[in-house]
Number of protein chains: 2
Amino acid sequence: MDKVGIKEIAAKANVSIATVSYVLNGTRNVRPQTKERVLKVIEELKYKPNNIAKSLKSKKTNTIGVIAEDITVFNVPEIIDGINEYADRYDLHIVLTNLRLHKRVGHNYSNIGAFRKYAENAVSDLLAKQVDGIIYIGIHPRDVTGLIDPGDTPIVYTYCYTKNELSIQYNDEQASYDAIEYLYKKGHHRIAVITGLMDSIPSRLRFNGYFKAVTDFELPFEPQLIKVGNWGLESGLKLTKELLELADPPTALLVMNDVMAAGSLRAARSMGVRVPEDLSLVGFDNREFSDYLNPRITTMNLPLHEMGYSSMRSLLRIIGGDEEHAAEQVPLCVLIERESVAPLVD
Amino acid sequence: MDKVGIKEIAAKANVSIATVSYVLNGTRNVRPQTKERVLKVIEELKYKPNNIAKSLKSKKTNTIGVIAEDITVFNVPEIIDGINEYADRYDLHIVLTNLRLHKRVGHNYSNIGAFRKYAENAVSDLLAKQVDGIIYIGIHPRDVTGLIDPGDTPIVYTYCYTKNELSIQYNDEQASYDAIEYLYKKGHHRIAVITGLMDSIPSRLRFNGYFKAVTDFELPFEPQLIKVGNWGLESGLKLTKELLELADPPTALLVMNDVMAAGSLRAARSMGVRVPEDLSLVGFDNREFSDYLNPRITTMNLPLHEMGYSSMRSLLRIIGGDEEHAAEQVPLCVLIERESVAPLVD
DNA sequence: CTGTTAGCGCCTTCAT
DNA sequence: ATGAAGGCGCTAACAG
């Protein structure tokens, strides 16, 4: 089966290749008769267009390059899904590059130098493929300024920060503020918090929100109720135990990710502390499994899908020359109420 | 900044465009002197190659189209990661299409007609982009024969079955056989099983494995120890309760996915049955959260990464004309031992 | 309404 | 060791 191009169909339909092109793209009026004839031949010869050739001419590929730091990290697939929804709607295609950071550099991804080569290669490949724009998806909200140079190609970052280009992020500070407010309205005053590593932006932002809420609601500020974790389950377990062993333990606990929250649950159980009866617990991330734990935990949802979708919208605006309106309002987190919080009665 | 192509660099370096092409591709000997001169100009002008043009000529894009039924379903990202590892190694690119099945047709994905249009569009787009081959990643191991027609383009399916083309799958039957054998060797004889929906291929295969093991190890076959679930947590919970309410409850339980196993844990706890002391539990899938549950559950790992990697290897073999060796040995599942199984002592 | 034609950026055969 | 030149499949002026 030889390749059939518009030339072949032109010959068989007794028209010029131009006409074929025009009926294919509806880019000029063609006599219905001719048009039909051409269409019939296209059908018969099972013509398949070649977008490569088309792109070469038109200088537009209608494809967006997506660089994901690691597609196996929980936040990434949903962000890509949001990108896809936009892409589907506007008939764009996605070229995906997976940096595979986790498997390649482990948890050392804060050290930008360690994977700059990978990132630079990804960008070169994408540029060579003439993508119309690039979206960079981080696996941890940190500053990634200077990692790559996309040249003239528009780029939008998400789930990470950058000083020079647009980055789409959710509002961490607001989110933890909301969580504390929620707990406060349930009657809790002595609210403990387990943060992530404090060299991370979201940890600081979330702590800011916590502190702001504590101030606004005039809650007691007790440093021993503040624990710094490392995002891992074991640290959630250990720190929750410490909290529970306090002479005057907190009645509620905000844990800055669901994995540590799973550790909190384990700690509580091992000490005979019931959740939520004796301790209210709020997690962060709304990981799928937070609904599988026992009790099902109340947690802060991340607007991942929306971040992907917004990134695309912003990128397309930039590509369209509308830089002004590219910056979207930041996607918001909303609390998912489940079973791990009870009102404080006493 | 105008586009600089090999023409521009040829001019500035006082050579022909042919020479530039040759130094770029190392496809012919060039005098070191000339070569260096050209390279210098390339550097100066920040030349960026255009793979679109290259592909048009060479008829090879070095890119593989990946169609994922839904990237947000747990098995997909890891499979893609495997694909990426291979792609990185052999300098291939990936264009990703996400059918978004879950969000678009819900759990109705067994009804192939419901999303044929999406799938066909995906294939057309990929073919238009001149991909060298296609990998189709299912979200549930079922037969998708006839869903799409990739024409002459090589295709490999994974995490689903097809009658006409190659599909890479793990060995379900072996996996559940192994799980039962493991339990048997721990001293268990009365082993219950909660299957998934029985209209699904893996459920049947896994049941076969169970039954084969029961036969091989001469275990009692008691129909009341067999429960048919629907993959959801609630069904695991309900059926485990039924099992535990039996006059003579099983001492061990194989649950065919981790989500239902989370339900089993909940059921056990609500009835005061301890896992693993009173009931040993083995899950399936090795979902990340299976390590977060309490107790951490022993579960059967799926070789997802390997499936992705193998799919690529097979596809590339087919592309290379080596159809014979395309079919890989099937990837194996291995049991991850954690805390939910105890030896039976009595 | 339709045809002719000049490229898009690069590879590659054929000369030199 | 290097150049000249003809496409790859398609689009879009420019002419009828």
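Note on naming: letters A, B, ... go to the chains in the order of the sequence lines (proteins, then strands), and numbering restarts at 1 for each one.
Taking side-chain N and O atoms only, A:K59 has a distance below 4.0 Å to OP1 or OP2 of C:dG9. Remark: A:Y22 is not in phosphate contact with C:dT4, judged by side-chain N or O atoms under 4.0 Å from OP1 or OP2. Look at B:N50 and you won't find any side-chain N or O under 4.0 angstrom from OP1 or OP2 of C:dC8. OP1 or OP2 of D:dG3 sits under 4.0 Å from a side-chain N or O of B:T19.
For the pair A:R37 CZ and C:dT2 C1', the computed distance is 11 Å after rounding to whole Å. Rounded to whole Å, atom C1' of D:dG9 lies 19 Å from atom NZ of B:K60. Atom-to-atom, CG of A:L24 to P of D:dC10 comes out at 8 Å; the value is rounded to the nearest Å. Separating the CD1 atom of B:I9 from the C1' atom of C:dC10 is a distance of 12 Å, rounded to the nearest angstrom. B:K7 places its NZ atom 14 Å from the P atom of D:dA5, with the value rounded to the nearest Å. Atom-to-atom, NZ of A:K48 to P of D:dC10 comes out at 13 Å; the value is rounded to the nearest Å. Counting to the nearest Å, the C1' atom of D:dC10 and the CD1 atom of A:I42 are 13 Å from each other. Regarding B:L56, its CG atom lies at a distance of 17 Å from the P atom of D:dG6, rounded to whole Å.
No donor-acceptor contact under 3.5 angstrom links the side chains of B:D81 and A:T72, judged on distance only. For the residue pair A:E69/A:Y136, the side-chain donor-acceptor check at 3.5 Å is satisfied. For A:R89 and A:Y309, the side-chain atoms include at least one donor-acceptor pair closer than 3.5 Å. Inspection of the A:T145 and A:D143 side chains reveals an N or O donor paired with an N or O acceptor under 3.5 Å. A:T19 and A:S16 share a donor-acceptor pair across their side chains, judged by distance under 3.5 Å alone.
As judged by a 4.0 angstrom heavy-atom cut-off over every strand, B:N51 is placed among residues making no nucleic acid contact. Across all strands shown, B:S21 has heavy atoms under 4.0 Å from base atoms, whether or not it also approaches the sugar-phosphate. As judged by a 4.0 angstrom heavy-atom cut-off over every strand, A:T34 is placed among residues touching the sugar-phosphate backbone only. Residue A:V15 is in sugar-phosphate contact alone, with no base atom involved, counting any heavy-atom pair closer than 4.0 Å across all strands shown. No engagement by A:I52 is indicated, since no non-hydrogen atom pair under 4.0 Å with the nucleic acid exists.
Set against D:dC10, C:dT2, C:dC10, the side chain of A:K57 has D:dC10 as its closest nucleotide. Here C:dC10 is the nucleotide among C:dC8, D:dT2, C:dC10 with the atom lying nearest to any side-chain atom of B:A53. Listed nucleotides D:dA12, D:dT2, D:dC10 differ in distance to A:T27; the shortest reach to its side chain belongs to D:dA12.
Between the side chain of A:S58 and the main chain of A:K54, a donor-acceptor pair closer than 3.5 Å is present.
When each of A:I17 and A:P32 is assigned the nucleotide of DNA chain C with its nearest heavy atom, A:P32 is the one assigned upstream, toward the 5' end. Nearest-nucleotide mapping onto DNA chain D: of A:K54 and A:R28, the residue sitting toward the 5' end is A:K54. Comparing B:A18 and A:V20 against DNA chain D, the residue whose closest nucleotide sits nearer the 5' end is B:A18.
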